[in-house]
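Order of the sequence lines fixes the chain letters, A, B, ..., with proteins taken first and strands second; residue numbering starts at 1 for each chain. As the structure is a prediction and not an experimental result, all values here were calculated from the model.
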Number of protein chains: 2
Amino acid sequence: MDVDLRLLRYFVAVAEELHFTRAAERLFISQPALSKQVRLLETQLRLKLLRRSSRHVELTAAGNALLPQARQLLDTWSESLTATRAAAAEEDRTLRVGFITNAAGELTTQILAEFTRRRPEWRISMSQALWADPTCGLRDGSVDVAFVRLPVPAQEPLALRILLSEPRWVALPSAHPLARHEVVPFASLLDEPFIATPPESGTWRDFWLAVSERRGHPVRVSAVAQSSEEWIEAIANGFGVGFTAESTARFYHRPGVVYRPVDEISPSRLALAWRREDRRRIIIEFAAACAAAASPAA
Amino acid sequence: MDVDLRLLRYFVAVAEELHFTRAAERLFISQPALSKQVRLLETQLRLKLLRRSSRHVELTAAGNALLPQARQLLDTWSESLTATRAAAAEEDRTLRVGFITNAAGELTTQILAEFTRRRPEWRISMSQALWADPTCGLRDGSVDVAFVRLPVPAQEPLALRILLSEPRWVALPSAHPLARHEVVPFASLLDEPFIATPPESGTWRDFWLAVSERRGHPVRVSAVAQSSEEWIEAIANGFGVGFTAESTARFYHRPGVVYRPVDEISPSRLALAWRREDRRRIIIEFAAACAAAASPAA
DNA sequence: CTACATCCATACCTACCAGTTATAGCAGGA
DNA sequence: TCCTGCTATAACTGGTAGGTATGGATGTAG
């Protein structure tokens, strides 16, 4: 009996929430649509998975048995798909490059040009990651190499090559009082509300909130942004301020937002990263192209 | 990205056949439908899985990577479903009983009555297996206990309790010359064409062709039947003859078919079987009910 | 005990899609 | 060059996944 994995995903959502309305919200569909689909799943399998009343939802024994299996199946499928994409990229000689925000800044173009000169038969596919994933897709295998901003999660088995280091600046609403400073004193930012990266980003989040520089002074997080676009929009609308790399200031202009240097704050380092177990020659060659572009011929 | 497992099944079929038309036949759909669905799969995954020309079909690297994963996913799902069904049966106290052809013959009713008397809160679900599976569903876990005809595949870890032994008879087209005998001599059947069980049934097939009694005399198999109904239909239409249990003769009357005892042939033994690792009390109790019904109170 | 709030189910509608048959188009072999 | 075999395309039909509006049941507050 075949089944659409979508239905399994729906079932898992309901089984986890034990609440159709909430599960439907989580899945971005209407509650009746969800009710109908789960019922359809039960019909297709000829099994009752849930006991519902207008007040309570609970799993049957069958539902209980199916839940972990369904989770597993969805995970396995996701991994299969990743492996398949990797095979496809390899076959048509496409190097998948992940990046975040403005990648390697002005250096990016040079790097890609240098790589293309060295290996003209390879194609490059650039994909921008959301802030929730500081490994830019290396973690889940959706890219082969990535321009990452340190720190990356330590538990990831990544090889790193530092490409550059640049000061962190602060982005402020234009009308903000601190915007008058040429260089904003770090101490003056301690009580400002910050736009933060998502919690899943771990140590990365702390870095961009400058937690270690605050010496225990608590952070006010006023909003969370998934990307530079959301971040800059939040700042322009006065929700708060945020640190960023100097080069980002050149890439993300927007009326209503100004960028200023900050004193007493460590720089941001940009690195090329790849999975340590990925020993492909093409990776080494991309790293070499990066090194060549980063340190112009003496 | 979710996917319908049906599409994966389609892909696997094409990948195995490397031929859309043949794969479509195997899947019992039209060739254009299959072409469209495989293309849809590729579109959904944004991957080319197959290179097609009007003359050749071959896998891409992506297709090659996906194929084993897809097979695995389908198998895993099938097993999950079986486990879930078992949980459902357990919860609503349903004992799933497999059987083949006429189960335990006239004894069946008594057994079920006895079991129901002893454990009235349990329900019984009877499901008839096709001849391709002499374990009657124990192998794949779709039943809890089964009335099986020996021999059962030896490699299956099954517990067995012999319930009865009865002579094998032969079924003949009414007009067949041998139908004149009261008891058909085994030797006279050596060159008759036989309706056989499917090859997957293994040693069971040999037993019902009486291979060991033939002492090396080759068998003529004129047709294969998946069930008693197909079998009796084939015999009535004169395609051949076949051995069966004596009790089956009483359960499957049909104009155009006659049953006769055969000499010099070993009997058929019927057993109750279950998975050896299944230690549930209810299994033991069903076995006890069978024993009680099989050997009426002294 | 009644009124209310909450939540799942049902009814009904629309857009899309899986399947069908018929046929076009392409490629290899006699 | 024609024939044959195979996949793709076209046109159609029934079914279904999604939507909104509303019914109906049940636990809770007063």
Q: Take A/Val143 and A/Val97 through the side chain to side chain contact (heavy atoms under 4.5 Å, CB included) test and state the conclusion after the steps.
A: CA-CA 6 Å; A/Val143 304; A/Val97 181; over 6 Å; no
Q. How would you list, by chain and number, every residue that makes a salt bridge (Lys or Arg N to Asp or Glu O under 4.0 Å) with B/Glu91, sequence neighbours excluded?
A. A/Arg51
Q) Quick one: salt bridge (Lys or Arg N to Asp or Glu O under 4.0 Å) partners of B/Arg6, sequence neighbours excluded? A) B/Asp4
Q: Identify, residue by residue, the members of residues 57-67 of chain B with a heavy atom below 4.0 Å from DNA chain C, and return them in order of residue number, or none.
A: none
**Q.** Span of DNA chain D, from the first to the last nucleotide whose atoms fall under 4.0 Å of chain A heavy atoms
**A.** D/dA17 to D/dG27
Q.
I'd like to know if the side chain of A/Glu25 pairs up with that of A/Thr21 as donor and acceptor (distance under 3.5 Å, no hydrogens or angles considered).
A. no
Q | With sequence neighbours excluded, residues passing salt bridge (Lys or Arg N to Asp or Glu O under 4.0 Å) with A/Arg52 | A | A/Glu42
Q. Listed in order of residue number, which residues of residues 41-51 of chain A have a non-hydrogen atom at under 4.0 Å from DNA chain D?
A. none
Q | Boundaries of the chain A footprint along DNA chain C (any atom under 4.0 Å from a heavy atom) | A | C/dT6 to C/dT10
Q. Do side-chain atoms of B/Ser201 reach the backbone of B/Ala132 as a donor and acceptor pair under 3.5 angstrom?
A. no
Q | For DNA chain D, the residues among residues 6-24 of chain B that have a non-hydrogen atom under 4.0 Å from it | A | B/His19, B/Phe20, B/Thr21
Q | Side chain A/Ser80, main chain B/Gln69, donor-acceptor under 3.5 Å | A | no
(Q) Heavy atoms within less than 4.0 Å of DNA chain D: which residues of residues 30-40 of chain B have one? Give them sorted by number. (A) B/Gln31, B/Pro32, B/Ser35, B/Arg39
Q.
Just by distance, no angles: are the side chains of B/Ser228 and B/Thr101 close enough, under 3.5 Å, to form a donor-acceptor pair?
A. yes
**Q.** From CA spacing to verdict: salt bridge (charged side-chain N to carboxylate O under 4.0 Å, His left out), A/Arg26, A/Glu17
**A.** CA-CA 9 Å; A/Arg26 211 174 95 182; A/Glu17 300 283 348; 3.0 Å; yes
(Q) Tell me every residue that passes salt bridge (Lys or Arg N to Asp or Glu O under 4.0 Å) with A/Arg254, counting only those two or more places apart in sequence or in another chain. (A) A/Glu233
Q: Could you check whether A/Arg52 gets within reach of a base, just the sugar-phosphate, or nothing at all, counting any heavy atom under 4.0 Å?
A: sugar-phosphate
Q | Side-chain (A/Thr82) to main-chain (A/Gly141) donor-acceptor, under 3.5 angstrom | A | no
(Q) Applying side-chain contact (heavy atoms from CB on, under 4.5 Å), can you list everything that pairs with A/Arg93, at least two apart in sequence or on another chain? (A) A/Glu121, A/Trp122
Q. Out of A/Arg96, A/Arg85, A/Arg279, which residue meets the salt bridge (charged side-chain N to carboxylate O under 4.0 Å, His left out) rule with A/Asp144?
A. A/Arg96
(Q) If we ignore hydrogens and angles and just use 3.5 Å, is the side chain of A/Trp77 paired with the main-chain N or O of B/Met1 as donor and acceptor? (A) yes
Q: Classify the ring geometry between B/Phe147 and B/Phe286 as parallel (under 30°), tilted (30 to 60°) or perpendicular (over 60°).
A: tilted
Side-chain donor-acceptor pairs under 3.5 Å in residues 7-15 of chain A, sequence neighbours left out?
residue : atom : partner : partner atom : Å
A/Arg9  : NE   : B/Asp2  : OD1          : 3.1
A/Arg9  : NE   : B/Asp2  : OD2          : 2.5
A/Arg9  : NH2  : B/Asp2  : OD2          : 2.5

Q. Is there a side-chain contact between A/Thr197 and A/Trp231 (heavy atoms, below 4.5 Å)?
A. no
